[in-house]
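What follows is a short report on a single structure.
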Protein chains: 2
Amino acid sequence: MVDATSTDDDLDRAFAALADPVRRAIVARLSRGPATVNELAEPFAISKQAVSRHIQVLELAGLVSRTRDAQRRPVHLEAARLEALTAWIDRYRLVREQQYRALDALVEQAHHLTTGAPSAPTKEQS
Amino acid sequence: MVDATSTDDDLDRAFAALADPVRRAIVARLSRGPATVNELAEPFAISKQAVSRHIQVLELAGLVSRTRDAQRRPVHLEAARLEALTAWIDRYRLVREQQYRALDALVEQAHHLTTGAPSAPTKEQS
DNA sequence: GGTGTAATCAACGAATCAGTTGATCAACAG
DNA sequence: CTGTTGATCAACTGATTCGTTGATTACACC
């Protein structure tokens, strides 16, 4: 099992890496198996160098790794880092928000009561 | 019941929003209930205006929403968008990569064979 | 009205990023 | 050795981002 707690820097790089449609497409493509830079660059209307840089960003984020085959450098997806991201999100997505939502309204009311102010009857401004 | 398939732009903004330790800390804090800008700004060594902007980024990403209470603007976490992110990741994290990993080595071998080159005397998979 | 508080807007500088083109490196093939 | 292919490096530009300070809006209390 992978270390569930990534450093801030790890998360920074990983989330930032996925904040780009080209890089997400590369991840999607790699989930179906490894590919070379040329193969990955083909679907896009940008230069091969740009794709190479995108891959480097993904690699620094730990989302992919590169092996070696002669001149080729097949890129592989690193599922572990993806799981680290879901691990982070899962900590907060099962939110106990709903109940607090109602509580928030109560606190608001309480504030008006303690300050003696009448609770505003449907704020409308002009 | 949120649309499980977010647009590229939605994902861009959401992932980018989480690619910052301050904003992630805000999300973490909000998972324990709504808070005002001042409350959210307190733990950080940056100006209140900067935090306000961070919240705006999160809001544009659909990760939080703001209600209204007099001068205060309590910020609430939007769990739905977080789930949209895990939904995207989950599509690729259960990767069939491992099997392709081995296949990759085979393809490499095949390449050497078809080109008549002697393959490295290493790979042996029973 | 006037004061104080919560929050945003506006303008600015420093830093980072995505893309480009041109040169370079490394591994083959002849 | 020469040529070709796969891929990266280097330098440059335009756009975006993060933080700052100063001014401004919106509301509440007196």
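The sequence lines fix the lettering, A, B, ..., with proteins before strands; numbering per chain opens at 1.
When the nucleotides dT20(D), dA27(C), dA6(C) are ranked by their closest atom to the side chain of I46(B), dT20(D) comes out on top. In the set dA27(C), dA7(D), dT20(D), dT20(D) carries the atom at the smallest distance from any side-chain atom of S47(B). When distances are taken from the side chain of V37(B) to each of dC9(C), dC18(D), dA7(C), the shortest belongs to dA7(C). When distances are taken from the side chain of A50(B) to each of dT20(D), dA7(D), dC18(D), the shortest belongs to dT20(D). Distances were taken from every side-chain heavy atom of Q49(B) (C-beta onward) to each of dA18(C), dA23(D), dG19(D); the shortest belongs to dA23(D). Considering only the side chain of N38(B), dA6(C) comes nearest among dG19(D), dC28(C), dA6(C). Listed candidates were dA7(C), dG6(D), dC27(D). Nearest to the side chain of R72(A) is dG6(D).
Summarising the geometry, the separation between CD on Q56(B) and C1' on dA7(C) is reported as 12 Å, rounded to the nearest angstrom. In this structure, the NZ atom of K48(A) is 18 Å from the P atom of dT24(C), given to the nearest Å. E39(A) has its CD atom 14 Å from the C1' atom of dT5(D), to the nearest Å. Between D69(B) atom CG and dT5(C) atom P the separation is 17 Å, expressed in whole Å. Across the protein-nucleic acid pair, D12(B) atom CG and dA18(C) atom P stand 11 Å apart, rounded to whole Å. Residue L60(A) contributes atom CG, which lies 10 Å from atom P of dC9(D) at whole-angstrom precision.
Close to dT17(D), at under 4.0 Å from its OP1 or OP2, lies no side-chain N or O of H54(B).
R32(A) places a side-chain N or O within 3.5 Å of a backbone atom of A28(A) that can act as its donor or acceptor partner. Judged purely by atom type and a 3.5 angstrom limit, D69(B) has no side-chain atom pairing as donor or acceptor with the backbone of R72(B).
Contact of R53(B) with dG19(D) (side chain to base): a donor-acceptor pair of N or O atoms is detected under 3.5 Å.
A salt bridge links R13(A) to D9(A): at least one charged side-chain nitrogen sits closer than 4.0 Å to a carboxylate oxygen.
You'll find the side chain of Y92(B) stays beyond 4.5 Å of the side chain of L30(A), heavy atoms only. Contact annotation: the side chain of I26(B) never approaches that of R29(B) to less than 4.5 Å [non-hydrogen atoms, C-beta and beyond].
Heavy-atom distances to DNA chain C give each of A45(A) and R73(A) a nearest nucleotide, and the one nearer the 5′ end belongs to A45(A).
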